[in-house]
Amino acid sequence: MADTVALTAPVLPRRRELLFGTAFATAGVLMVMVTLIGAYLAVRNAAGTAFLPENRIPLTQPTMMLLTIVMSVVTMQWAVYAISRDDRKHAYLALGVTLLLGFAFANQQTFLWKQAAVVLEKTGGALFYCVTGGSFAMVVVGMIFIALMAFRALGGQFDSRQPDGISAAAIFWYAAAAVYSVVWVAVYIMK
Amino acid sequence: MALTETRPDTAGPTPSGDDRPAPGSGEQLLGTGDHVALGRLLIGASLMFGIVWSAALVAAGIDALTSNGLLGTWAPGLATSALVGLALLTAAPLLLGVAVIVVPLQLGSPAIAFPRALALAVWTWALSGLVFLVSVAIDGGVGGTNDQATRLGNVALGAVLAALGLGAVCLATTVMSHRPEGMTLPKVPFLSWASLLAASLWIATLASAFAHIVLGQVSRAGATTLGVIFADGVAWLLRAPAVYVLAIPVLGIALDAASTASGKRLRQYGVGQGLLGAYAILSFGAWAQLPAAVNTALWTIFALLIAVPILGTLGAVGDILRQGRSKATPALVCSVFSLFLLLGSVAAGLTMALDRAGSGQIFDLNQVALASAQGYFVIGAALLGGLGGLFQWAPQIWGRDTATPPSIGAGLLVLAGAAVLGTGGLGQGLSQQNGADTAAQFWGLVTAVGGVLVVLGILGTFAAMLRAARDADDGGSTEVEGLTLEWAFPLPVQGGTVPEDLPAVTSPYPLADAREGGTEERS
């Protein structure tokens, strides 16, 4: 057997770089959604009863979606808690459940779009899809982010000393959940 | 084979052998994540865009001078697109380019955060800028009349906003996570502090405008509707208070340039940071998107109160300069005059506020021209401040100092052009009452002259930079003695390297501390 050679210690990524980057990017996404929701409310206020009069937007699916995303927030925090204590099995389980709940949310959203049957060309149609689609896109991007971080965690890149990836994914996920909560009130409750 | 075992010997050359073909300069540029190379790319491209968009302003001015004899229906769209181009394809990326080169060096960091994301942002910005230019050329862009071309311009504008936002994320993250031990936020050099504030505000502001671009695209709007969406949802970027976000780094450049020119510190460092923070807060304008927002008292407060941090920064610059003998460097001249241009914008805001105080019934001024004046003043200030940054950190950017008379001349030409454009807009707003087009030919001439001066100024800057790069190739050196860490890097600066003997950070001016032999906290 050949002689062993000493390898240099791997250079750890800068602590909190991904966390800050995600926080700044999330702030930008939040501004996009806040602007769209503001524009939606302004147009709906101005249009009055002429706003999507032919569409009956149900409340059952939106409420179930809210419950789903709230549950996923709990499981995401479970993942952050587990990885910061080097409990890798629980971290993988929590990330998997979060992804499953995210998939359920996306499934309900697409079903809701079919049920509501809002036409793009009508007054407010584009805004309806921008607001709900924006929230949907946030959840999908969040799921991709979580999946990537889960794979990196499987590769051993995250632990109690370097939990940033999971925490960064959590920040984006919480923002997605917060945005949907506002969308739930603004679009589905105050209709 | 385990990693701890030695690799088997091979007969052929090793992967790291010298006979591998070296990547060409084009390949290196396309694939680079080096913040210095990417910053240079941003600076060069933004200045070239600056020439094109200033020339577009000249064309719009000549068209007005000849009573619409040059451009026909193309005229209104071209003037608005030129303003957008000067803001988002010239002034903002020029300042971003300076910041992505200098900020990591000021923090003693070998690299910027997320270099690949920055490369993505730079290339996306450059290509989208070209697409926007093409769309304007085929009667699209902003305010065009061709449906397809205007949609193309809308997509390109959205990509430009997203790219600048991504670049801002990289910059802000660098300041937050790449600081060395001892450099707490209150000890961050002024350009880095201003960059953190600017990047945060740019992310918020550009994202809000991006939402309206998305809305225009989703609604499959034609040229007319896209024009309305721009007027109601994006045009606020070019008037107070939001337009001031473009010039946030200028304040940091002015304070750093004053310290370098005099070799002295700002004694009340926290006050300087507070002034920049106050300016940043007062430049947040996403709340004032609707045209009716100009009628509110809050708008008036924002538009006028911003004069306080600008005047305060001028005072801080004066306080630094009076401590010792100072040289009138091109950087100092450009950055100080850019602050005066910002005050010109405040004057335009005051005029708008006076007009709206009587619900437009007392004076009945041309609000569109006044808003344009604000845009010209602030964009001119950002461009001039950006040139100041280029001259201030020319050794780090090009490897050689550019403190030469041609540099000052180039800066003064841009100053004159921006002042002519802004003052012209102000005069037009005051003279054209009741929405009339009084002396339209004269104001067209003023616009054309201002545009020509800006073009000449940018060409002069190019000449100064080329000369600096040539002198650097000849082995030139710089004699500048800076106070902050970027001056400790060997020239020419290359990304990925940090000098081993960087001094410890105990104050905002670590190199000054090292020279004075003290390590006590001085701020």
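This one's a predicted model, so the numbers in the text were calculated from it and none came from an experiment. To find a chain, count down the sequence lines: A is the first, B the second, and so on, and within it residues start at 1.
Of all heavy-atom pairs spanning A/R152 and A/F158, the tightest one is CB-CE1, 3.5 Å. Considering every non-hydrogen atom in both A/L19 and A/S167, the closest pair reads CD1-CB, 3.5 Å.
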Scan the side chains in residues 128-147 of chain A for donor-acceptor partners under 3.5 Å anywhere in the protein, sequence neighbours excluded, and list what turns up.
residue : atom : partner : partner atom : Å
A/Y129  : OH   : A/V118  : O            : 2.7
A/T132  : OG1  : A/W113  : NE1          : 3.0
A/T132  : OG1  : A/F128  : O            : 2.7

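Using a 4.5 Å cut-off between heavy atoms, B/A286 contacts chain A through its side chain alone, with no backbone atom that close. Heavy atoms closer than 4.5 Å to chain B are found in both the backbone and the side chain of A/L127.
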Stepwise, does the side chain to side chain contact (heavy atoms under 4.5 Å, CB included) test hold for B/L88 with B/L161? CA-CA 8 Å; B/L88 300 176; B/L161 293 171; 3.7 Å; yes
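Applying the ring pair (Phe, Tyr, Trp, His ring centres under 6.0 Å) rule to pairs touching residues 33-85 of chain A yields A/Y40-A/F51, A/W78-A/H90, sequence neighbours excluded.
For residues 215-237 of chain B, heavy-atom neighbours of chain A at less than 4.5 Å comprise B/L215, B/V218, B/S219, B/R220, sorted by residue number.
With chain A as partner, the option from B/A117, B/A172, B/A113 having the largest number of non-hydrogen pairs under 4.5 angstrom is B/A172.
Annotation: side chain to side chain donor-acceptor pair (under 3.5 Å) contacts of B/T174 (sequence neighbours excluded): none.
A 6.0 Å sphere centred on OH of A/Y92 holds more than 12 heavy atoms belonging to other residues, nucleotides or ligands.
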